[in-house]
Amino acid sequence: LFENGRDMLVAASDYFDEWIFYVSNPDTLQNRYRLYYKNRTDHLPRDGSFRAATRSSDYGFSYDYRQNPNQRLSLNAAYRQLSFLDEPVFSLPDQQSDENTFIGRVDYFSRWLDGVITSSLFYESGSGMEREREYIYMEVPPGQGVYTWIDYNENGIMELDEFEIAQYPDQANFIRVFVPTDNFIRTYSTVFSHTVNIDPARKWRESEGWRKFASRFSNRLVYRIDKKNQGGATLENFNPFFTDVEDSLLISLNSSIRNSLFFNRSSSVFGMELIYQDSRNKMLLSNGFETRITSKTGINARWNITRQYAVNLELSQGIRENQSEFFLKRNYRIYYYDLEPTLSYQHNSRLRVSGFYGFSEKKNLRGLENEKAITHRGGAEVRYSFPGRGNINGRYQLSDINYPFNENTPVAFDMLEGLRPGTNHLWNLTWQQNLSQWLQLNLSYHGRKPPDVNAIHTGSMQLRAFF
């Protein structure tokens, strides 16, 4: 790239030379392997001409096993040596010395007992450089954000510990943007995920006796962990299950597990699901660590009494916990349990009417005030369908909340779910219309009336095109 027709390179100019040598077997074979060596030299402008800036050497291999349709395995690994040949363009730590990085990946799928058990396993580990991060909140048009601002200390200043995830569309006026800093750190990352499905009905659906009963059960387990830390190329850094990492070395840790045990999952009369899920997130920010933990155990049951009447029951208990090194008032641990039965009436293929009642109790197990919230809620929902054209859905809910504590705190916002103590009215109406085979129009209206506050109305329209 030249500047204004003059024989002068602009700062954005660059080019590279690259060559690769590899050995592999034919692509037509089911099992394939490949070994390679790649060399690349990058050139950047210096004093009106190009000069070699960096040179990298990559060593790698890959292997794919596809011979057995019930067992599929894919392996990939690469190691890179990077040398800096000229003055660094960006200010990175230790950039004057060579930088060695690597990455490895394993992807394994298996099917057992004629498909009764299926497993999908993924593992990836590598090293590299990463910027330290901090975040800010930016205001966006109403309803297009994720977060809401609550002036807890009533000083009129938007502070980082005064933003919460919005519960309703009219509150969602801010987004959180991560801002990279000028500090770089060497990281070692590990990602592991495993999904296991057990479905005896695939083999024993037509059996008799205990096999017939066992075929009514099925189970799905999903586990994932994503870890980034410092500390060098040690075995602990590549072990996804080693989470006891010192805070001085940890950058981020995200883990989640969800297990669903089904009974009569495909039955049109009665079915039940037992759920356990646990999600943990710990991240290093410029002002210290922030940790979020969510744990839940629940039961979802459905019973179609007749073709017109059905009963659904949702019962759950769990813990929501938040820990912050810098914002101490955001430290809380809430234990809760929730119950909500629903009775539905299906008049015909177009009209369905439902009524529900819910009860929940929440306690803050951390803090001096021992905050507690008791909520009774009830309401109705109506859905009318236009076959092939769309549907209209309306819902009304009344929530009565007993919370005799300070409501202008982070723990209160979580317990009250964005509402206020006393009687709250909520309603919404959505209309979905298929304009053509490729166009869909969605109209939605949301309203709520907390105690001693004027009603809040929010509407939105969305046009979707399918290609």
Side-chain angles (χ1 to χ4, degrees), residues 135-152 154 156-177 314 320 338 340 342 351-358 360 362 373 375-386 389-401 403 407-435 439-466:
Y135 61 87
I136 61 174
Y137 291 91
M138 296 182 59
E139 190 168 5
V140 296
Q144 297 185 17
V146 179
Y147 296 87
T148 184
W149 173 52
I150 303 176
D151 192 5
Y152 288 127
E154 300 180 351
I157 301 175
M158 296 183 184
E159 301 174 5
L160 290 179
D161 60 339
E162 296 182 336
F163 290 86
E164 306 285 354
I165 296 178
Q167 299 289 332
Y168 304 99
D170 63 279
Q171 298 176 334
N173 300 333
F174 294 85
I175 60 174
R176 186 160 74 173
V177 179
E314 295 184 8
R320 291 197 298 270
D338 189 272
E340 183 173 307
T342 302
L351 178 63
R352 185 183 67 190
V353 181
S354 302
F356 62 90
Y357 166 77
S360 68
K362 303 174 185 178
T375 303
H376 297 267
R377 61 184 182 273
E381 184 173 356
V382 180
R383 179 184 177 90
Y384 191 86
S385 301
F386 304 93
R389 292 181 295 167
N391 61 77
I392 296 177
N393 192 85
R395 178 185 172 95
Y396 169 78
Q397 176 180 316
L398 185 147
S399 294
D400 185 77
I401 306 175
Y403 185 78
E407 59 182 284
N408 197 30
T409 63
V411 66
F413 184 85
D414 190 300
M415 284 187 167
L416 300 176
E417 299 179 359
L419 300 176
R420 299 189 62 187
T423 302
N424 298 261
H425 302 266
L426 303 96
W427 59 92
N428 64 70
L429 182 66
T430 60
W431 176 30
Q432 182 184 92
Q433 179 70 39
N434 298 324
L435 302 180
L439 288 177
Q440 184 182 86
L441 177 65
N442 293 290
L443 299 175
S444 64
Y445 161 68
H446 298 266
R448 74 178 191 277
K449 175 64 175 67
D452 304 323
V453 176
N454 293 331
I456 302 170
H457 307 275
T458 307
S460 65
M461 180 178 67
Q462 184 181 68
L463 183 64
R464 294 181 179 181
F466 300 95

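Heads up: numbering here begins at 1 and tracks the sequence. When reading the values below, keep in mind they use all heavy atoms of this one structure, side chains included, and skip hydrogens, waters and symmetry mates.
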Original post:
At their closest point, which heavy atom of Phe413 faces which heavy atom of Ile165, and how far apart are they?
Top reply: CE2-O, 3.4 Å

Original post:
Side chains of Thr375 and Ser399: is there a donor and an acceptor less than 3.5 Å apart?
Top reply: no

Subject >> Heavy-atom side-chain proximity of Asn442 to Met461 below 4.5 angstrom >> reply: no

Subject >> Pairwise distance CH2(Trp431) to CZ(Phe386) - rounded to 0.5 angstrom >> reply: 8.5 Å

**OP:** Would you check if Glu407 and Leu416 make a side-chain contact, meaning some heavy-atom pair closer than 4.5 Å?
**Re:** yes

**OP:** Cation-pi check, Arg395 to Phe356: give yes when NZ or CZ is under 6.0 Å from the six-membered ring centre and within 45° of the ring axis, no otherwise.
**Re:** yes

Original post:
At their closest point, which heavy atom of His457 faces which heavy atom of Trp427, and how far apart are they?
Top reply: CE1-CZ2, 4.0 Å

Original post:
Given Asn424, which of Asp400, Ile401, Val453 fulfils the side-chain contact (heavy atoms from CB on, under 4.5 Å) condition?
Top reply: Ile401

Original post:
Do the non-hydrogen side-chain atoms of Leu426 and Tyr168 ever get within less than 4.5 Å of each other?
Top reply: yes

Original post:
In this structure, which one of Arg320, Arg448, Lys362, Arg377 forms a salt bridge (charged side-chain N to carboxylate O under 4.0 Å, His left out) with Glu417?
Top reply: Lys362

Original post:
Under a 4.5 Å cut-off applied to non-hydrogen side-chain atoms, are Arg420 and Asp452 in contact?
Top reply: yes

**OP:** Kindly compute the distance separating CZ (Phe163) from OH (Tyr137), expressed to the nearest 0.5 Å.
**Re:** 7.0 Å

Subject >> Arg352 bridged to Glu381 by N-O distance under 4.0 Å >> reply: no

Could you pull out all donor-acceptor pairs under 3.5 Å where a side-chain atom in residues 145-152 meets a protein atom, sequence neighbours excluded?
residue : atom : partner : partner atom : Å
Thr148  : OG1  : Gln171  : O            : 3.3
Trp149  : NE1  : Glu162  : OE1          : 2.9
Asp151  : OD1  : Glu154  : N            : 3.1
Asp151  : OD1  : Asn155  : N            : 3.3
Asp151  : OD2  : Asn155  : N            : 3.2
Asp151  : OD2  : Gly156  : N            : 2.7
Tyr152  : OH   : Glu164  : OE2          : 2.9

Original post:
Taking atom OG1 of Thr409 and atom CE of Met415, what is their separation to the nearest 0.5 Å?
Top reply: 8.5 Å

Subject >> Derivation of the side chain to side chain donor-acceptor pair (under 3.5 Å) call for Ser444 and Ser460 >> reply: CA-CA 5 Å; Ser444 64; Ser460 65; 2.5 Å; yes

Original post:
If you measure from CG on Asn391 to CZ on Arg383, what distance do you get to the nearest 0.5 Å?
Top reply: 4.0 Å

Subject >> Gln440 vs Asn434, side chain to side chain donor-acceptor pair (under 3.5 Å): CA-CA, chis, key distance, verdict >> reply: CA-CA 4 Å; Gln440 184 182 86; Asn434 298 324; 3.2 Å; yes

Subject >> Heavy atoms from other residues, nucleotides or ligands near CE of Met138 exceed 12 (cutoff 6.0 Å) >> reply: no

Original post:
Checking side-chain contact (heavy atoms from CB on, under 4.5 Å) against Leu429, which of Ile392, Leu443, Asn393 comes through?
Top reply: Ile392

Original post:
Say you draw a straight line from CZ of Arg389 to CD of Gln432; how long is it, rounded to the nearest 0.5 Å?
Top reply: 13.0 Å

Subject >> Taking every non-hydrogen atom, the tightest pair across Gly418 and Gln167 >> reply: N-CG, 3.7 Å

